[in-house]
Amino acid sequence: MTHRWPTPADPGAAARLAERFAALGENEAAFAITHAPVLAALGGNSPFLSDLALREPSTLQAAVADAAACLAATLATLDAIPWTAPRATIMAGLRRAKRQAALTVAVADLGGQWALHRITAALSGLAEATLHLALRHALFTAHAAHDLVLAQPDEPERDSGIVLLGMGKL
């Protein structure tokens, strides 16, 4: 598939991202050469995406290769986090999934890989997965602290009486 990457609005920022990305390691240096238009589009148009590219270089490379597989891996990793894990583990996993999904969806969008309905579905899927993990963890924590009694402690959401109404990406 031929990608059409947007022209950088700030060529200086695009060049800085390419330099900083290449300095991360050998794989990243090779990627910076072979995928210069990707880095230019990210670096020259979005400081947020530039930061994500530097923080998640393997996600960027995986997203360019196959955004659908990359997003599926992100969601699978998130789904593998036990809701009984310590709060710090849950929070770190949620933040990592947000970074990885944001970068993956942006690459798929900017590179013209995905149509709008697929982009929206990906963001909705992330919202749903993160919401479920956070809710399960919050209910479990409250149950363990004896702040509430769950009808189904092994399935915290089930029969909990909690109703969530999603808006926006959900």
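By convention here, the first residue in the shown sequence is residue 1. Treat the numbers as computed from the prediction; the structure is a model and nothing was measured.
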| What distance separates L49 CG from L39 CG, expressed to the nearest 0.5 Å? | 11.5 Å

| task | Check whether any side-chain N or O of T120 sits under 3.5 Å from a backbone N or O of H117 as a donor-acceptor pair, and report yes or no. | result | no

| same_hphob_cluster(V107, L116) at 4.5 Å side-chain heavy-atom cutoff | no

| said: Once rounded to the nearest 0.5 Å, what's the spacing between atom CZ of F31 and atom CG of L60? | reply: 4.0 Å

| said: Looking at T104 and A101, would you say the former's side chain and the latter's main chain have a donor-acceptor pair under 3.5 Å? | reply: no

| Smallest separation among heavy atoms of L71 and W114, with atom names | CD2-CH2, 4.0 Å

| request: Mind listing the closest non-hydrogen atom pair of I90 and W83 along with its distance? | output: CD1-CA, 4.1 Å

| When rounded to the nearest 0.5 angstrom, what distance separates CD in E157 from CD in Q152? | 12.0 Å

| Distance-minimising heavy-atom pair for S160 and L150 | CB-CD2, 4.4 Å

| request: Give the C-alpha distance, both sets of side-chain angles, the deciding distance and a yes or no for side chain to side chain contact (heavy atoms under 4.5 Å, CB included) between D79 and L75. | output: CA-CA 6 Å; D79 191 44; L75 294 177; over 6 Å; no

| note | The reported gap from CD in Q100 to CZ in R55 (rounded to nearest 0.5 angstrom) is 10.5 Å

| Shortest non-hydrogen separation from H137 to P86 and the atoms involved | CE1-C, 4.1 Å

| query | What closest approach, in Å, do T130 and A127 show between heavy atoms, and which atom pair accounts for it? | reply | OG1-O, 3.1 Å

| remark: Interatomic distance, OG@S46 vs CG@L52, rounded to 0.5 Å, equals 7.5 Å

| said: Using the rule that Ile, Leu, Val, Met, Phe, Trp and Tyr join whenever any side-chain heavy atoms are under 4.5 Å apart, tell me whether L103 and F48 fall into a single cluster. | reply: yes

| task | Decide yes or no on side chain to side chain contact (heavy atoms under 4.5 Å, CB included) for I81 and R96, but give the supporting numbers first. | result | CA-CA 12 Å; I81 299 170; R96 184 177 51 253; 4.2 Å; yes

| query | What do you reckon, is CZ of R99 surrounded by more than 12 foreign heavy atoms closer than 6.0 Å? | reply | yes

| said: Under a 3.5 Å distance rule, please check whether N45 uses its side chain to pair with a backbone N or O of A41 as donor and acceptor. | reply: yes

| field | Smallest separation among heavy atoms of F21 and A32, with atom names | value | CD2-CB, 4.5 Å

| said: When you group the ILVMFWY residues by side-chain heavy-atom contacts below 4.5 Å and let the links chain together, are L139 and V149 in the same group? | reply: no

| With no hydrogens and no angle check, is any side-chain donor or acceptor of R16 less than 3.5 Å from a backbone partner on G12? | yes

| Point-to-point distance, once rounded to the nearest 0.5 Å, from CG of L17 to CG of D10 | 11.0 Å

